[in-house]
Amino acid sequence: MRLLSDSIADDANFFVEEVHVVAIVFDNTDDVTVWATTHFDGELHFFHLALPFQSLDTLLRLATDRAATLQEEVADALAASEWPALLEFNSDEAPPVPLPSVALKLSVTYPADEEGEDDPQPHNIFYLEGVYVRLDP
Amino acid sequence: MPGLYLHVPFCKQACSYCDFHFSTSLALKGRLVDALVQEISLRKNYLGPQATLDTIYFGGGTPSLLTASELGLIFEAIHRHFAVAPGAEITLEANPDDLTAPQLAALAASPVNRLSIGLQSFYEPHLRLMNRAHTAQESATAVRRAQDAGFENLSIDLIYGVPAPGHHIWEADLANAFALGVPHISAYALTIEPGTLLGRRQGKGTFAAPPDEFVAVQFERLLAQMRAHGYGQYEISNFCRPGRESRHNGSYWRGVPYLGLGPSAHSFDGTNRQFTVANNPQYVAAVLERGEVPATVEVLTARDRANEYLLTTLRTARGCDLAHLRTALGLDLAAAHPAYLAALTAQGWATIQNEVLTLTDAGKLLADQITLELFIADESQIVRL
C-alpha cells in the first residue's frame, strides 16, 4: 500500500473514490482526522483526511447500512472522558467502513518548515473540499 | 389571566437525558385522552368560575403524537368549560419526526398557534447519544415544513454541554438554528439525572459528562451569539426576538395561577400547589372509573412562597423585585443576607438597581448556587403581613 502523497502529480484539487475509512481520530483540535484508503491509479493508497465535524457527520450518513451504528460509536467516543480518542475499523469485528458511490474532493497540504516556509514536499494529510454522491442514471 | 397545561405522557422512545414522566407504550393513549377530557370537566372551577385562559400549553412527553381527532376532543372540552381569550397563546411541543405534512396540516387547522420543536442538535452523533427519534436532517426540514404550513410563531429547543473535543459542533448548531429564522430559541445545558439512560451509563463508567468549564464556555458563546443575532435573553434558558417571549412560561415565573392536567402535571391556584400522580394507569383509572383526580396538595408556607419567588425571578431578565419580596411576601432579603448580597455585587455576579436584584452573565452561570445561598431555611425570617 502506498501513501497517497507519493502518487499525486501536482498540488491541484483532485478526487478519490472507493474510499474505506479505517480510523477516526478525535484529537482535541479544530478538526477531526480520518484515516482512509482509496484505489488511486489502480493501486491501494493510504491517506489522512482532515475535516470539520459537520463533514464527518455527512460521511457517516453515507456509510449506508452502518450509518446508525457508526453515529452511535462516534457519539460514545466524543463522550469519552479523555481525548485524543481513536476509533479503529481495521479488524474482523470492525472492518473498514466503505463509502459506496461517494467521491471526495481533496486538497493538498504542506508541513511548514522551521522558518515557517512551506516545504515543497506535500503532506499525506489532505483537506476535504467536498463530498459528492454518484447519482444513478 | 391564568393558563392551562396539558401533559401528554407518551414518547416513541426514551431520550437518554430525560427524567420527565412518560411512557413509550402508546397502548393507553386513547384512554388517556378520554381521561384528560374528563379531568377538564372535573377541575373546571380550579381557576375560579368561568376562568378565561390566556395561554394553553401541550407539553410532554410528546404531544405531537396526538392525532387530529384526539386534539379536537380536547379542544372541544376546553371550550365547553373555559373561556379562551382572543389571541390566546396555544402552544404544542412537537418532535421533528412527527411533523409530517399531513400532521402539520392538521395542526394548522386546529387552534394551536405556536409550536415548540425539540430539535436539540443538528449533529447526528449527538442526536444518537441523546437517543432522539429524529435525524439531523429532520431537525432542519421539520422547521421549514412548519413554516411552510403557516406556523410563524415557532420555538426550537437546543442542548449544549454535550461531550465533544471542542466547541465547533455547538457553534455549528447555533449557526444552523439562526439560519431557520425562528423568533424563539430555548437552550438548555445537558444535565445528567439519576435514573436516566445517561445517568445509568455514567454510573457504569461508560459515559462522562464534560467538565463545568466546558459547559461554561458553551454558555458564554450562546449568550454572545444570541446577542449578535438579535435575540434577547429573558430567562436563563430562553431567548427571543423583541416581543416574542413565551407568555405561558412568563406566567409561571410571575406566579400567575395555572391548571395542570394529566399525570405528573402541577397546578397552582395562587396559594397552594397540586401534583397529579405520575402514573398513567393509576391516573386513567381514577379519573375515568372513579371520577376523581389522584393528586397531592402541597400547602405552601410563607417561606416556600418567598423561596419560590427567588427561584423563578432570579432566572429572568426582569430580576427579583426586592420591594415586592419584602412587602408582598414578607421577606427582607437585604436584612436576611446583607453580606452575601454585598459579595454578589462586589464579585460582579449581580446588580441591585431600584431594589431589583438581577444576575449578570457571570452570575447566570452560578444561578443555581446563588439561589440556594439566598434561600431562607427559617420561617422566622418571614415577617407576618
Side-chain angles (χ1 to χ4, degrees), chain A residues 21 23-35 48-89 94 97 99 101-102 125 127-133 135, chain B residues 13 15-17 120-141 159-177 179 190 192 196-215 217-218:
Chain A
V21 175
I24 303 170
V25 184
F26 306 102
D27 51 8
N28 250 339
T29 64
D30 287 357
D31 296 327
V32 62
T33 307
V34 164
W35 300 354
H48 293 148
L49 179 63
L51 68 169
F53 278 94
Q54 286 63 44
S55 298
L56 173 65
D57 198 13
T58 304
L59 289 187
L60 296 177
R61 282 189 233 162
L62 293 171
T64 59
D65 58 336
R66 288 176 67 180
T69 310
L70 284 171
Q71 286 157 355
E72 286 181 20
E73 289 176 11
V74 167
D76 282 344
L78 295 180
S81 55
E82 290 196 6
W83 295 300
L86 173 73
L87 261 182
E88 216 169 349
F89 309 101
V97 179
L99 301 175
S101 304
V102 172
I125 298 176
Y127 280 136
L128 180 65
E129 299 291 340
V131 179
Y132 298 78
V133 178
L135 301 175
Chain B
Q13 61 190 56
C15 297
S16 58
Y17 54 86
Q120 319 310 357
S121 176
F122 295 86
Y123 185 59
E124 196 74 47
H126 278 179
L127 291 171
R128 301 286 68 79
L129 179 73
M130 294 187 259
N131 200 35
R132 297 289 298 176
H134 68 281
T135 64
Q137 190 81 18
E138 285 170 327
S139 283
T141 55
I159 290 183
Y160 61 94
V162 183
H167 301 293
H168 310 88
I169 297 170
W170 175 232
E171 287 176 347
D173 273 351
L174 285 171
N176 283 322
L190 179 69
I192 311 302
T196 62
L197 291 174
L198 287 182
R200 288 197 289 276
R201 284 188 58 186
Q202 185 164 259
K204 288 192 286 187
T206 59
F207 173 81
D212 290 346
E213 296 75 19
F214 179 91
V215 182
V217 168
Q218 298 209 336

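Each chain gets a letter, A, B and so on, in the order the sequences are listed, and its residues count up from 1. Since this is a predicted model, take the numbers as computed values, not measurements.
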Asks: Of the non-hydrogen atoms in B/His126 and A/Leu78, which two are nearest, and what is the gap between them?
Replies: NE2-CD1, 3.7 Å
Asks: Test: salt bridge (Lys or Arg N to Asp or Glu O under 4.0 Å). Region: residues 120-132 of chain B. Which pairs qualify, not counting sequence neighbours?
Replies: A/Arg61-B/Glu124, B/Glu124-B/Arg128
Asks: Give the ring-plane orientation class for B/Tyr123 versus A/Phe53, where under 30° counts as parallel, over 60° as perpendicular and anything between as tilted.
Replies: perpendicular
Asks: Write down the atom of B/Pro163, the atom of A/Ala79, and the distance for their closest heavy-atom approach.
Replies: CB-CA, 3.2 Å
Asks: More than 12 non-hydrogen atoms from neighbouring residues, nucleotides or ligands closer than 6.0 Å to CZ on B/Phe214, yes or no?
Replies: yes
Asks: Within a strict 4.5 Å, meaning less than it, do heavy atoms of the A/Asp27 and B/Pro165 side chains meet?
Replies: no
Asks: Around B/Gln137, counting heavy atoms of other residues, nucleotides and ligands shown, do more than 12 lie under 6.0 Å from its CD?
Replies: no
Asks: What donor-acceptor contacts under 3.5 angstrom involve side-chain atoms of residues 67-77 of chain A, with partners at least two apart or in another chain?
Replies:
residue, atom, partner, partner atom, Å
A/Asp76, OD1, B/Arg201, NH1, 3.1
A/Asp76, OD1, B/Arg201, NH2, 2.8

